[in-house]
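For reference, the structure discussed in these notes is given below.
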Amino acid sequence: MENPGAEDVMAAQDVDLGRPPSAGTRRTIPLREITLPHQCPRPVRLYVLARAPYFLGLGEKALDRIDKLMQTRTFAPAGRIYSAGDRAHSLYVVAEGRVKLSQVTADGTETVTDILVPGEMFGAMGSLGEPHHLHSASALVGTCTLRIDQSDFQAVLVDQPTVALRVLDDVAARLAQARSDIGGQTTDTVPQRVATALLRLADKLGEDRGRQGVLLEVPLSRADLAGLARSTPESVSRVMSRWKKAGLIDSGRRWTALLDRGRLEEEAAGAH
């Protein structure tokens, strides 16, 4: 897509696709977006299954058996995978793209609770104690998912005791995380929570661009970041504007760059 030395072409592509401008080009407002659903060929499926937390370390034959139980589906941006309140009977693995998990607050506002990248699992099952989905899941960009239904997953647990033990560990970890989140919501400041959310996203999907910082090339609105930080869009906007002026971050319509990770880590630790 990018030819060496074709700076003009690269700049035009940055504008068209809403990307952060390449080095040496001016920062511009995106004019249009073109995003197509990803495809899921077998090598991609096996690669992400090998990275999925439940299936780490399984041999190729075991992964191949699991892959044959998976149903593949692609989603265009904003495509709904399932809604909160739907009956839960499947687990999913992100194969390509990004998946947004969200909840609706009492006033009807949708808040983002997580952004998932390839290899991450989501969904719920009645047999795992969640008969209904607590979150809604939708494609943030063109996305491909792998889905395994409850009966097939139970067969995997019988065939692979290691996976069963990991599921138990995961359920325990989720309970511990829920308790931690409740505590953090009452004690951490808004800057701490925003910095923590940005650093977590940087670890999951950031691209290190050296002096240009760590790039998060994902359409993340202030409302989305507010959901991740358990705050309000207004409070997040004030924090982000202050950090932008101070040179900690930069942002565009479909991207955010962490320019000074060290200072953001200090913010997350409450050092300011």
Side-chain angles (χ1 to χ4, degrees), residues 40 44-73 81-103 111-140 143-185 196-197 199-205 227-230:
C40 294
V44 170
R45 298 197 308 269
L46 292 179
Y47 176 73
V48 297
L49 285 177
R51 295 173 59 195
Y54 290 171
F55 309 135
L56 284 174
L58 296 184
E60 184 176 347
K61 290 183 179 180
L63 291 174
D64 188 62
R65 290 196 297 271
I66 294 171
D67 176 59
K68 290 177 180 177
L69 298 174
M70 292 281 185
Q71 301 175 47
T72 302
R73 187 174 178 187
I81 301 171
Y82 57 75
S83 299
D86 288 351
R87 289 189 62 83
H89 48 71
S90 300
L91 292 180
Y92 298 78
V93 180
V94 183
E96 293 191 20
R98 304 281 187 269
V99 169
K100 176 177 72 173
L101 301 184
S102 61
Q103 288 180 315
T111 61
V112 176
T113 58
D114 205 355
I115 294 175
L116 307 180
V117 299
E120 291 197 274
M121 302 184 71
F122 63 105
M125 288 180 174
S127 61
L128 299 181
E130 294 180 293
H132 297 87
H133 289 294
L134 301 179
H135 304 83
S136 295
S138 58
L140 193 59
T143 296
C144 173
T145 65
L146 310 180
R147 187 187 79 186
I148 186 167
D149 291 333
Q150 186 165 266
S151 59
D152 289 329
F153 189 66
Q154 289 172 340
V156 172
L157 297 182
V158 173
D159 184 54
Q160 298 291 335
T162 300
V163 175
L165 292 175
R166 288 174 178 167
V167 170
L168 291 175
D169 289 342
D170 184 50
V171 171
R174 290 188 189 188
L175 291 173
Q177 184 63 51
R179 289 192 293 268
S180 175
D181 288 345
I182 292 173
Q185 189 168 5
T196 298
L199 291 169
R200 181 168 176 263
L201 289 175
D203 289 339
K204 290 176 65 170
L205 51 86
L228 292 170
R230 306 185 308 280

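Worth knowing before you read on, the calculation uses all heavy atoms, side chains too, and leaves out hydrogens, waters and symmetry mates.
Side-chain atoms of R45 come within 3.5 Å of backbone N or O of C40 as a donor-acceptor pair. The backbone N or O of L56 lies less than 3.5 Å from a partner atom in the side chain of R166, making a donor-acceptor pair. Side chain of Q150 to main chain of G126: a donor-acceptor pair is present (N/O by atom type, distance under 3.5 Å, no hydrogens or angles). Put simply, the side chain of S83 never gets that close to the backbone of S136: no donor and acceptor are under 3.5 Å apart.
The shortest distance between side-chain heavy atoms of S90 and D149 falls below 4.5 Å. Counting only heavy atoms from C-beta outward, the side chains of L58 and L49 never approach each other to under 4.5 Å. At a threshold of 4.5 Å between non-hydrogen side-chain atoms, the residues D170 and M121 do not count as touching.
For the atom pair CD1 of I81 and CG of D86, the computed distance is 12.0 Å after rounding to the nearest 0.5 Å. For the atom pair NE2 (H132) and CZ (R87), the distance works out to 5.0 Å, reported to the nearest 0.5 Å. In this structure, Q103 CD and T111 OG1 are separated by 6.0 Å, a value rounded to the nearest 0.5 Å. Note that CG of L101 is 4.5 Å distant from CG of L116, once rounded to the nearest 0.5 Å. Expressed to the nearest 0.5 Å, how far CD of Q71 lies from CD1 of I148 amounts to 9.5 Å. Here the CG-CG distance, from L91 to D152, works out to 11.0 Å after rounding to the nearest 0.5 Å.
Pairing each heavy atom of A95 with each of V48, the nearest pair is O-CG1, 3.4 Å. T113 and S102 make their closest contact through OG1-N, 3.9 Å (heavy atoms, listed as atom of the first residue, atom of the second, distance). Among all heavy-atom pairs drawn from V99 and A137, the shortest one is CG1-CB, 4.2 Å. In plain terms, the two heavy atoms of A197 and L228 that are nearest each other are CB-CB, 4.1 Å. For the residue pair P118 and G97, the shortest heavy atom distance occurs at CD-O, 3.4 Å.
Checked against ring-ring contact (aromatic ring centres under 6.0 Å, His included), Y92 has the following partners two or more places apart in sequence or in another chain: Y82, F122.
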Acceptor/donor pairs from residues 153-162 side chains to any protein atom, 3.5 angstrom cut, sequence neighbours excluded:
from, atom 1, to, atom 2, distance (Å)
D159, OD2, R65, NH2, 3.2

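Each of K204, R98, R230 was scored for a salt bridge (charged side-chain N to carboxylate O under 4.0 Å, His left out) with D114, with one residue passing: K204.
Residues D64 and K68 are paired through a salt bridge, judged by an N-O separation under 4.0 Å between the basic side chain and the carboxylate.
The salt bridge (charged side-chain N to carboxylate O under 4.0 Å, His left out) pairs that include a residue from residues 126-138 are E130-R174, where partners are two or more places apart or lie in different chains.
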